[in-house]
Amino acid sequence: MVHQQSSGGRLSRTGDTRDTDDMSRLLAPRLAYFAGVARTEHVTRAAQEMEVPQSTLSRAMVRLEEDLGVDLFARHGRTVSLTPAGRAFLTSVERALAEIERAADEVRADADPATGKVAFGFLHTMGAETVPGLLHAFRADHPRIRFSLVQNYGEAMLEGLRAGELDLCLTSPVPDAPDLVARRLDEQKLRLVVPADHRLAGRRRIRLAEAADETFVTLEPGYGLRRITDDLCAQAGFRPRIAFEGEEAETLRGLVAAGLGVALLPPPPFPRPGVVELTVTAPRAAREIGVAWLAGHPDTPPVAAFKKFLLSKRGTLLPT
């Protein structure tokens, strides 16, 4: 069969991205049809196997060849055979269809109620104790659900939600954004951490204003705890003098132990030698911990189950 090379519906081959996208949309629905005909080398038999009308399959193959501008089949009565171009095309088509099937299997597996996957983000400060305890308790009733765990700071996790990389995240402060849903789960008191030989180390309680002349070590800008630190210091009437900025709370605690400054931090998972942790009496020093997810985003069964579990921990998420 010879096809006219001046088909008005044929796409140009300029290399333009739009042309490539248009070609993909045009060809994709016909690839499985092409593979079926190529495998059987018989249009009628392929139509029966794929449970589509023979006329539909025949038209699809003709249109495919017209749009490509290449003969994929040589016709021999009711049978067909692949041309060299058809054999080359089949190799790529089979690879593409196999990749689509693999992707379909993967997303079905991730959504399986018993064995699916949850992409879960959380703050670094919750990684040593809180999150392992949560996962242990949850998997008592859902032992085969899998987790993809991401530790990061709050803003990065919210962007992960928006990008579809995370299903849920534990973060602080609790976000207030129109494209997100967030629920407060618990509150965590912050302490002023000072070196063990510091002038304030003999105290148990302190007003934050008493630390106005101290050098602080803090998390970098963009971290929720950094924002809270700046806000609390402003409430106490001063702007903190910052010597070091880091990315992880326990690193800051180590800097304090080395005598490099003081810090406002949540309680450590285990006592840290070399520091003393003081209760801040004014202003009220605490951070809210909440769970967030993307608004209007449908949950798979495993995500729905874990979300329900987290919401059930309201008020008991953190140790008292």
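Below, all heavy atoms of this structure are taken into account, side chains as well, without hydrogens, waters or symmetry copies. Nothing fancy with the numbering, it's 1 onward along the sequence.
- In terms of heavy atoms, Ala201 sits closest to Pro195 at CB-O, 3.7 Å.
- Inter-residue side-chain proximity for Phe244 and Leu260 is flagged as met; some heavy-atom pair is nearer than 4.5 Å.
- Within the 4.5 Å cutoff, the side chain of Pro267 has heavy atoms near those of the Arg191 side chain.
- Judged purely by atom type and a 3.5 angstrom limit, Arg241 uses its side chain to pair as donor or acceptor with the backbone of Asp213.
- To the nearest 0.5 Å, the span separating CZ on Arg203 from OG1 on Thr279 amounts to 11.5 Å.
- Considering only heavy atoms from C-beta on, Val43 stays 4.5 Å or farther from Met61 through its side chain.
- Salt-bridge formation is detected for the pair Arg199/Glu214: a Lys NZ or Arg NE/NH1/NH2 atom is positioned less than 4.0 Å from an Asp or Glu carboxylate oxygen.
- Neither Ile228 nor Val174 shares a network with the other; the hydrophobic side chains, linked directly or stepwise wherever heavy atoms of I, L, V, M, F, W or Y lie under 4.5 Å apart, form separate groups for each.
- Closest non-hydrogen pair, Ala211 versus Phe216, comes out as O-CE1, 3.6 Å.
- In this structure, the separation between CG on Asp71 and CD on Glu66 is 10.5 Å, given to the nearest 0.5 Å.
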Going through the distances and angles, do Phe238 and Leu208 end up as a side chain to side chain contact (heavy atoms under 4.5 Å, CB included)?
CA-CA 9 Å; Phe238 69 96; Leu208 189 56; 4.1 Å; yes
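- Residues Phe73 and Phe34 place their aromatic rings such that the two centres sit under 6.0 Å apart.
- Under a hydrophobic clustering in which Ile, Leu, Val, Met, Phe, Trp and Tyr are joined whenever their side-chain heavy atoms come within less than 4.5 Å, directly or via other members, Tyr153 and Val150 fall into different clusters.
- Going from atom CD of Gln188 over to atom CG of Leu123 covers 9.0 Å, rounded to the nearest 0.5 Å.
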Salt bridge (Lys or Arg N to Asp or Glu O under 4.0 Å) between Asp105 and Arg108: does it pass, once the steps are laid out?
CA-CA 5 Å; Asp105 289 343; Arg108 283 195 295 261; 2.4 Å; yes
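- The shortest distance between side-chain heavy atoms of Leu192 and Val262 falls below 4.5 Å.
- Among the candidates Asp299, Val118, Asp167, Ile145, the single residue satisfying the side-chain contact (heavy atoms from CB on, under 4.5 Å) test with Phe306 is Val118.
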Evaluate Glu99 against Arg95 for salt bridge (Lys or Arg N to Asp or Glu O under 4.0 Å), listing each step before the verdict.
CA-CA 6 Å; Glu99 181 63 19; Arg95 187 162 54 243; over 6 Å; no
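- Checked by atom type and distance alone, the side chain of Ser92 never pairs as donor or acceptor with a backbone atom of Phe89 at under 3.5 Å.
- Atom CZ of Arg204 has 12 or fewer neighbouring heavy atoms from other residues, nucleotides or ligands inside a 6.0 Å radius.
- Side chains of Thr281 and Arg207: a donor-acceptor N/O pair is absent below 3.5 angstrom, by distance only.
- In this structure, Arg63 places its CZ atom where only 12 or fewer heavy-atom neighbours from other residues, nucleotides or ligands lie under 6.0 Å away.
- Residues Val291 and Lys313 have side chains not in contact (no heavy-atom distance under 4.5 Å, counting atoms from C-beta outward).
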Dump the intermediate steps for salt bridge (Lys or Arg N to Asp or Glu O under 4.0 Å) on Arg314 and Glu288, then the final yes or no.
CA-CA 11 Å; Arg314 189 178 287 117; Glu288 291 185 333; over 6 Å; no
Side chain to side chain contact (heavy atoms under 4.5 Å, CB included) for Thr300 and Lys117? Distances and angles first, verdict last.
CA-CA 9 Å; Thr300 63; Lys117 185 172 72 175; over 6 Å; no
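- Arg87 has its side chain out of reach of Leu90: every pair of non-hydrogen atoms, C-beta onward, lies at least 4.5 Å apart.
- Distance check: Asp230 CG to Ile242 CD1 gives 5.5 Å after rounding to the nearest 0.5 Å.
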Pair Lys307-Leu168, side chain to side chain contact (heavy atoms under 4.5 Å, CB included): steps then yes or no:
CA-CA 8 Å; Lys307 182 189 293 184; Leu168 302 164; 3.7 Å; yes
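- The two residues Leu225 and Pro266 come nearest to each other via the heavy atoms CD2-CD, 3.8 Å.
- Ionic pairing of Arg253 and Glu277 is present here: one or more N-O contacts between side-chain nitrogen and carboxylate oxygen are shorter than 4.0 angstrom.
- Cluster annotation: Leu190 and Phe122 are assigned to distinct hydrophobic clusters (Ile/Leu/Val/Met/Phe/Trp/Tyr, side-chain heavy-atom contacts under 4.5 Å, transitive).
- One finds the CD atom of Glu250 at 7.5 Å from the CG atom of Leu265 (value rounded to the nearest 0.5 Å).
- Minimum heavy-atom separation, Gly121 to Met157: C-SD, 3.3 Å.
- If you chain together hydrophobic residues whose side chains sit under 4.5 Å apart, Val80 and Val93 fall into the same group.
- Between Met126 and Ile289 there is a side-chain heavy-atom pair separated by less than 4.5 Å.
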Run the side chain to side chain contact (heavy atoms under 4.5 Å, CB included) test on Leu170 and Leu185 for me, step by step, so that the C-alpha distance in whole Å, both residues' side-chain angles and the decisive distance to 0.1 Å come before the verdict.
CA-CA 9 Å; Leu170 289 180; Leu185 295 180; 3.6 Å; yes
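- Of all heavy-atom pairs between Ala292 and Leu158, the closest is CB-CD2, 4.4 Å.
- In the hydrophobic clustering of this structure, Leu149 groups with Val303; members are Ile, Leu, Val, Met, Phe, Trp, Tyr whose side-chain heavy atoms approach within less than 4.5 Å, directly or through other members.
- Distance alone, capped at 3.5 Å, is enough to place a donor-acceptor pair between the Glu65 side chain and the Leu72 backbone.
- At a threshold of 4.5 Å between non-hydrogen side-chain atoms, the residues Tyr223 and Glu247 count as touching.
- With values rounded to the nearest 0.5 angstrom, Leu161 atom CG is found 9.0 Å from Asp179 atom CG.
- One N or O on the side chain of Ser312 and one on the backbone of Phe309 form a donor-acceptor pair closer than 3.5 Å.
- With hydrogens and angles left out, the side-chain atoms of Arg226 and Thr218 include a donor and acceptor closer than 3.5 Å.
- Remark: the Thr44 side chain and the Gln54 side chain contain an N/O donor-acceptor pair separated by less than 3.5 Å.
- Not one N or O on the side chain of Ser172 forms a donor-acceptor pair closer than 3.5 Å with the backbone of Arg287.
- Counting non-hydrogen atoms of other residues, nucleotides and ligands closer than 6.0 Å to CZ of Arg239 gives a total of 12 or fewer.
- Across all non-hydrogen atoms, the minimal contact from Leu82 to Glu41 is N-OE2, 4.4 Å.
- By the neighbour-count criterion of 12 heavy atoms within 6.0 Å, atom NE2 of His136 is sparsely surrounded, having that number or fewer from other residues, nucleotides or ligands.
- With a 6.0 Å radius and a threshold of 12 heavy atoms from other residues, nucleotides or ligands, Phe138 has its CZ atom above the threshold.
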